[in-house]
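A, B, ... follow the sequence lines: proteins, then strands. Residue 1 opens every chain. Computation of the quantities below employed the complete heavy-atom set of this structure, encompassing side-chain atoms and omitting hydrogens, waters and symmetry-equivalent molecules. Just so it is clear, the structure is predicted and the values come from calculations on it, not from any experiment.
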Amino acid sequence: MQIQGYEFPEDLHYDPEHFWVRVDGDELVMGMDDFAQKLAGEIVFVQLPDDGKKLKKGKKLAKVESGKWLGKVLSPVDGVLMGVNEALETDPGLINRDPYGEGWMYRIKAEDAGQMEDLLHGGEALEAWVQAEIAKHASEA
Amino acid sequence: MQAKSKEKLADIVGQENFSDGIIDLVSYSSDASEHSIRPQAVVWPTNAEQVRDVVLLANELGFPLFPRGAGTGLSGMAVPRSDGVVMDLARMRRIIDICIEDRVAVVEPGVVYADLEKALAPHGYFYPPDPASGKVCTLGGNVATNAGGVKGAKYGTTKDYVLGLSLVLGDGREMRVGGRNIKSASGYDLAHLFVGSEGTLGVFTEIILKINPKPTATATALAIFDNLEDAGSAIIGVMSSGIVPSVLEILGRETLEAINQNTDLNLPEVDAMLLCETDGFTQAEADFQMARVVEQFQKNQARQVRQASGGEEVVELWKARKSAYAVLARLKPNFVLEDVTVPISQVVRMFKGVQDIAERNRVSIATFGHAGDGNLHPQVLWDATQPGETQRVEKAVDELFALAIKLGGTLTGEHGIGLSKAAYMGLEHGSVSMDMMRVLKRACDPNNILNPGKMALEG
Amino acid sequence: MSASAKLEIERSFRDQIGRCSRCGFCQAHCPVFGASLRPAVNARGKMLLLKEVLEGKLELSRELAESIFQCTTCASCSTNCPSGVQVPEIIKAARRDMAGLGTCHPAFVAMDQVLEQYPNIYAEEEPGDFDRPRNQRAEVVYFMGCVGQYREEEATEAALAVLDHLEVDYTLIDEVCCSGVLEDVGFGIKPVLAEKNLELILSTGARTLVTGCPYCFRTFNNKEVYAPIKQEGVKIVHLSQFLAGRDLGVRTDQVVTYHDPCDLGRHTGIYAEPRKTIRALAPNFVELPHHHADALCCGAGGGVRGAFAKNSLDMARRRLAEVEEVGAQVVLTECNSCAHNLSNAKLRAQKFRVLTTPQFILELLEQSQG
C-alpha cells in the first residue's frame, strides 16, 4: 500500500526500526523499508557479516552507510545469519532502487518464530505507524 | 550534434559509455600538443561490435570520428573537430593472450604499455619498443603512431613488432590482417599500412604483437666529449663497430646547462654527452659489447668515460637523460619537442645545424635524443607573451624541417605528423607519394569520417 | 597576473596552470583516473578546465564540480609532474572560487553548514562513548578526530586501549571537529571550533598532543589558527610517532603489509615510524607494490568519500588489489579514514583483513593474554 508517497507492501512484516521481514520457507528475509531508504539517501555501503553470525533481537546485525548517515541494522529476531545479498557489495544502491525486491539484505533463521508477532503487520497497524513516523521526522527536520 | 544522433550513439555503447558533458568535452579537446578543439561528444566502446556500429553510424549521419588512446601524442593527431565525436578506446583494455610458444601478445587497443610490460615480466619476456610515455600510453595509440623509444637503435620501433590486426575500416567494414605468424609473404602487407596511420584509415580492435625474451644483463656507460664532432664520430664509430648497443643517447650542451641550472646533478658543460647501454643474456655478453663501445669513445677523444653494470650506479648514469624533458619543460612557458630524424652519418651536421638555426633566429633550442638511430629531439623553448618570439620560433622550426629534409632525413622519427607537421608533408613526400596516400585513404574511408584534417591528406 | 583578479586561481595560480604542458603523464598516478579511466577527472583534465576558465572560454559553473571536487588531493600527480604543477593547491583554490561563486558541490556546502551547527562533520549530537574521562589534567591529550570518534569507534577504542596498556598518562577532551577539511573543499576553518579545541587542549596542561588522525595532525601543525599549541610549547605528534620504538612485547608470524595514508606519507613524510612499530610486531612484513611516496591513495580524501562515494570505493578496491598481489594476510594503516574506506571496499571473498596498527596491536595483546 501507498502511504503519503511511501510504498509499504501489506504482505510484509515491519520492525519499528524500519526493516521489513518476509517469511520464506523456514527462513526470514529482511531489508530496509521505503521510508528508511528515502530518509537515508543513496546507500553507499552495507556491511555483510559472515554466515553463521549469531543474532539477538534488537541488537546490531550490521552497519549501513549513506553519504550523510551511518545506521545500524538491528536484528528483528533471535537467530542465525544464513545468507546475505552479495549484489549489495558492489551495488548498495539496489536498496534505494528496489528496497523490497533486488535490494533485500539478509536471510535469517529464527530461533523462535513467535517473535514475528512483535512485528507490525496489516493495513491498519501499518497506516497508523507510518503516519506517526512521518509526523515525527517532519517535526525533527 | 542533434539530440537524436546522440541518443543513437548512447544506444550503441550504453548510456554509461557516452557523454556530452562539458567536463568530458573539454578534456577530450586536446592531446599533448598545443592544439585544442572541443568535440560534440565522446564514446567509450567496450567491444569491437560497438566500434563497428559507431563507425557505421558516423558514415550514416555524416559526423567525423576521432579515435583516441591516452591522448599523449605530441602532434595533435587525437585532436577532434568541433563537429566530431571522440572515440576513446581506454575501456577496451584486456590483454587477450600471452603465448610464449608463439612468441606473441594479443591485446585490445586500450591496454596501457606499462600493463603489458608487467604482464610479460614474469615470463622473462618484453615488448621492446619503449616510448617515454610508457606508463600511460596505449598499445592502440602506439600502433597508430608507430611509436619509438630509447631502444630503437637495436630493437626498432612498433612496426617491427606488429604481426596482425583486427580493425574496423573507415567505411565500417571489419577486417583482419596478418596473424600470429612470425613471418608471412602472403599478399600485400596490409597490416603495416595501418601502422602509423594515425587513426585515419581504421580503428584497431585487436593487436597481435611479437615479443622478445628479455636480456637479463646490461652494461651502461656515460661519455663526455668536449667537441661535438668527436661525439659525432663516436656515434658513427659505435654504430658501425660490429655490435649494436640497445641504447645510444645524446645530450647537447644547452640541455646539459639547463639540467645543471635546475638540478644538483652538476654535469660537465661540454659539447655533448653520450649515454650507451648494451644488453645480453650473460654479463660477459653485455660487457663484450660495451668494451667495443668504450673503445670507440676513447678513440674519439672522450674526455671521460664512466661505466656501470647494474644497480644504483646505472640509475645514476641515467638520471641526466631522464631529467632532460622535464627540466627543459620548466624553463619557459612554451615549448615544442620536435623529433626530426636523419641518417646516422648526418647526426652531427643536424645537431650543429640546430644550434646555428637557434642562434640566427635568437631562439632557445636545447637538443637531446636517440643518436643511435639518428632521431634527435630539439626542444624549442619560448615565451609567447614576449613580442616577436612566436614568429621567430615559427621561422626556426621551418628551417629545422628544411634542414632535416636537405640532409636526407624525415620530419618525424616517432611523434607522427598529426596537425603539427601537416604543413611540411610536401617537403618530404613527392606528389606521387602524397597522391598514393590519398588514394589509400579514399579506399579505406571514402566518406572521410575517420580523423579528418590530419597528415595533409586533404591537400 | 592581476592582483585584483576576482578568482584566486587567477591571482595566485595563473603561472602554475599555464605550466601544465598537457603531457598526460599524471594518468599513471592519479587515483581518480585510475579507477574511472575518464580524462575529465584526471589531473590534466582539471588543468585543461581551469586553463579555459582563465582564457575566458568557460565559467567556473556547477557543471565543473564533478571534476574539480573529485580530487582526493593526494598529490601523486604533482609529485610526478615533469613541469612541477602543484595540482592539489590549485584545486583547493578553484574550490574556494567556486564556493564564492555559489557553484560549490552541494555535499560540501552541506558540510560547511553542518559545522556551523554541530561540533563534528557527521551532525552527531552526542560525543562517542569511550568510557574514559575527558578534560582532565594530564601529560598527554589525545585527539580522536571525527572519523575516529564516529565512524571507526573500534579503531579508536583500540588506540586508547594501547595507550592504557602502555600506562600513558593521557586524557580525552570534549573535542570538536578540527575543521581543517573545510579549507580543502572551498571554505575555511571555523574559528569557533578552533577556539574550543585550543581551550580544551591547553586546559589539560598536557605537554604533548597526540592524535590518531593524520589530517587533524596536519591541521594542528600547519594552520595559523592552531599556532598557540606550539607557542605554548606543546608537542604535536601523530600516534604512529608516539608508538614508534616502544616495546609492545608481542609478535606474530602473519604476513603483514602497510598502506601509507596520503596525509601521513606524501604530505607529511612520516614513513619510517609506522614501519618501525609494524616490523617489530610482524617480521614477515612486505611492502605493497606502490609504497612510500609512491603509495596509491585509498580514495577517501579531499572530500571524495563524502561526495563521490562509489568512485571512492572503486579507488579503494584498486589499492586492495595490491594487498592481494603481495599475498598479505593483514593490511595495516595509520589513518581512520583510510581504514574506513578500505574496509568498506573490501569484498567478502577477499580473505585478508584491514586494520589500524593499534587494532592489530590490541589483538595481539589480547591473544597473548590468552
Contact class of C:L347 relative to chain A, heavy atoms under 4.5 angstrom: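 Its backbone and side chain both get close to chain A.
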Part of C:R151 within contact of chain A (heavy atom distance under 4.5 Å):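 C:R151 touches chain A through backbone and side-chain heavy atoms alike.
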Atom group of [X] that falls short of 4.5 Å from chain C, counting heavy atoms:
X     : result
A:E65 : side chain
A:P49 : backbone
A:Q47 : neither

C:N311 vs C:Q70, side chain to side chain donor-acceptor pair (under 3.5 Å): CA-CA, chis, key distance, verdict: CA-CA 9 Å; C:N311 295 348; C:Q70 200 170 171; 2.6 Å; yes
Interatomic spacing from OH in C:Y215 to SG in C:C178 - rounded to 0.5 Å: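 SG of C:C178 is found 7.0 Å from OH of C:Y215.
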Approximate separation, where rounding is to 0.5 Å, of C:F308 CZ and C:L313 CG: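 The CG atom of C:L313 is 13.5 Å from CZ of C:F308, to the nearest 0.5 Å.
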Centroid-centroid under 6.0 Å between A:F45 and C:H340 rings: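 No, they do not, as the ring centres are separated by 6.0 Å or more.
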C:R305 and C:N344: CA distance, side-chain angles, deciding distance, side chain to side chain donor-acceptor pair (under 3.5 Å) verdict: CA-CA 11 Å; C:R305 168 65 196 242; C:N344 280 184; 2.9 Å; yes
